[in-house]
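Counting convention: from 1, in listed order, for ligands and their atoms alike. Nothing fancy with the numbering, it's 1 onward along the sequence.
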Amino acid sequence: MPTFDFDLFVIGGGSGGVRAARMAAQTGARVGLAEAADLGGTCVNVGCIPKKLYSYAAGYAESFEEAAGYGWKLPAEPQFDWSHLKSQRAKEISRLNGIYASLLKNSGVTLITGWAQLVDGHTVEIDGKRHTARHLLVATGGTPFVPEIPGREHIVTSDAMFDLDPFPKRLLVVGGGYIACEFASIFNGLGSKVTQLHRRAHLLTGFDDDVRQFLANEMGKAGVDVRLNCEASSIARGPDGLVVTLARGQQIEADTVLFATGRVPNTQGLGLEAAGVKLDESGAIAVDAHYRTSVPSIYAVGDVSTRVQLTPVALAEAMVVVDALFGKGKRRMDYEFIPTAVFTHPNIGTCGYTELDARAKFGEVTVFSSEFKSLRHTLSGRSERTFMKLVVDKKSDRVVGLHMVGADAGEVVQGFAVAMRAGATKAIFDSTIGIHPTGAEEFVTMREPMPG
Ligand SMILES: Cc1cc2nc3c(=O)[nH]c(=O)nc-3n(C[C@H](O)[C@H](O)[C@H](O)COP(=O)(O)OP(=O)(O)OC[C@H]3O[C@@H](n4cnc5c(N)ncnc54)[C@H](O)[C@@H]3O)c2cc1C
């Protein structure tokens, strides 16, 4: 039997990597982990966490405006201090980096700082030193993709948005995915004049069509200049800022141009080819249902293997690998009914199938939807509206799609996701007593199906 330095060596200390390393070490396995940058990966450093903190910051602008309707007299025009927000965020993120380091240390994981490369199916090299392991796990995540475009050197990606200096008075966001929409919404709330360009007819490909339209309308009402069927063809520096020329010739000036035009898996410089690890047609590491790559001793989870790019998914995939190698045994991850939120203003929360996908999968479906002004906005004077939609499989009566655009939609949908995974039918929704007065109660009181 060959002897190895480690039972498991993990490349990448982000969501998936840290979870796998920590949980494997807790079973008594000898585990090493290499991280080239800050612990916590995309989510902690330039993703979910700082994004949500900035979304909270943006939300205060709305609250200050709304307060007057509730009798609050604010002393003066509220002032926003971007530098203070940035330093508060940086402090919180380094606290989290520290927590990740102690979690790894306390579970006995050997942390090696540096860029790791695969040498073969059992060996990694970091700064010229080789380490061997019975199993290797690649959890190197993804990185923003920017298309080739004249003036590309002037643009920034989501990674740079949290530390912009100075604060962009005018922000142009290119892209229509959830990251583009979130940054457009957040910077609009923080006080930038935001224009969002998207080359398709609707934002948020993959989301329910009603949600896509409703959100674009609400973002527009909130002040984002959403321009659909619109493409940037070049960027240049002009006397008063960046000048973005659109495909149809029109020009827009901005202080910052964000390209949020997709993400690609981090597969470069990893030694994948040397080790014999194959990529799939999308450029991600190809894995089987147990996250095993084309090399049996090498596994890959999270964004580098591109199934569903979300932190809780990377964590769950990591647990499948740890259970198979060191724990309860082999099992498969179920990707159906994964709830997710988009932290635009208002938020989106969604679980299960869009109406279109449900019709394709289940045949006949019944659709219930509701649109209303929330109680909060009767006195706040805000014109924001809430949208909710249920998609029900006609045959089984099972609720197979649940979608919301409105305040705290992510918080609302998380609980419903449990019911949906348990197979809740529309009859069960109907027999559930609502919590009054909330927006969420609407999901258990929708009785009239949409025609057709
Ligand atoms: C702006 C933004 C907002 C997001 N918001 C959300 C959200 O609200 N909710 C949600 O669920 N998901 C969100 N995501 C997605 C989420 O961040 C990712 O799905 C998740 O971080 C993937 O985890 P991972 O372990 O695959 O990779 P990552 O967390 O990216 O970690 C990969 C790590 O590997 C390291 N690494 C790479 N190559 C090497 C190497 N050769 N040697 C050593 N280390 C290496 C990197 O430095 C990095 O730390 C967001 C992403 C972005 C960009």
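- Scanning all protein heavy atoms for the shortest distance to atom 49 (O) of ligand 1 gives Glu35 OE1, 2.7 Å.
- Heavy-atom distances between Asp159 and ligand 1 stay at or above 4.0 Å for every pair.
- The nearest heavy-atom contact from the protein to atom 53 (C) of ligand 1 is Arg263 NH1, 3.2 Å.
- Scanning all protein heavy atoms for the shortest distance to atom 42 (N) of ligand 1 gives Ala116 N, 3.0 Å.
- Phe387 pairs with exactly one of Ser370, Ser369, Pro346 by the side-chain contact (heavy atoms from CB on, under 4.5 Å) rule, that one being Ser369.
- Within 6.0 Å of CZ in Arg385 there are more than 12 heavy atoms belonging to other residues, nucleotides or ligands.
- Protein heavy atom at the shortest distance from atom 14 (N) of ligand 1 is Tyr178 OH, 3.1 Å.
- For the 3.5 Å distance criterion, the side chains of Glu317 and Tyr335 qualify, holding a donor opposite an acceptor.
- Atom 27 (O) of ligand 1 has its nearest heavy-atom neighbour, among Cys43, Gly141, Ser158, in Gly141.
- Residues passing the side-chain hydrogen bond (donor to acceptor under 3.5 Å, both in side chains) test with Asn266: none are found, sequence neighbours excluded.
- In this structure, Lys221 places its NZ atom where more than 12 heavy-atom neighbours from other residues, nucleotides or ligands lie under 6.0 Å away.
- Near Ala139, with a cut-off below 4.0 Å to any heavy atom, the atoms of ligand 1 are 32 (C), 33 (C), 34 (O).
- Short contacts between ligand 1 and Thr140, defined as distances under 4.0 Å to a heavy atom of the residue, involve ligand atoms 32 (C), 34 (O), 37 (C), 38 (N), 39 (C).
- Residue nearest to atom 7 (C) of ligand 1, selected from Gly271, Cys48, Ala36: Cys48 (by heavy-atom distance).
- Nearest non-hydrogen protein atom to atom 30 (O) of ligand 1 is Thr42 OG1, 2.5 Å.
- Those atoms of ligand 1 that come under 4.0 Å of a heavy atom in Gly41, given as number and element, are 29 (O), 31 (O), 48 (C), 49 (O).
- Judged by distance alone, the side chains of Ser55 and His345 do bring a donor and an acceptor atom under 3.5 Å apart.
- Ala318 does not count as a contact of ligand 1, since none of its heavy atoms falls under 4.0 Å from the ligand.
- Side-chain N/O atoms of Thr344 and Ser185 include no donor and acceptor closer than 3.5 Å.
- Under 3.5 Å, the side chains of Tyr54 and Glu182 contain no donor-acceptor pair of N or O atoms.
- Counting only heavy atoms of the protein, atom 2 (C) of ligand 1 lies nearest to Gly47 CA, 3.5 Å.
- Nearest to atom 18 (C) of ligand 1 among the protein's heavy atoms is Asp303 OD2, 3.2 Å.
- Summarising the geometry of Arg212 relative to Leu203, their closest heavy-atom pair is NE-O, 2.6 Å, with the distance given to 0.1 Å.
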Which atom pairs, donor and acceptor, lie under 3.5 Å between side-chain atoms of residues 34-47 and protein residues at least two apart or in another chain?
from, atom 1, to, atom 2, distance (Å)
Glu35, OE1, Gly13, N, 2.6
Glu35, OE2, Ala37, N, 2.6
Asn45, OD1, Asn97, ND2, 3.1
Asn45, ND2, Asp38, O, 3.4
Asn45, ND2, Leu39, O, 3.3
Asn45, ND2, Gly41, O, 2.9

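- With hydrogens left out, the protein atom closest to atom 16 (C) of ligand 1 is Thr311 OG1, 3.5 Å, a heavy atom.
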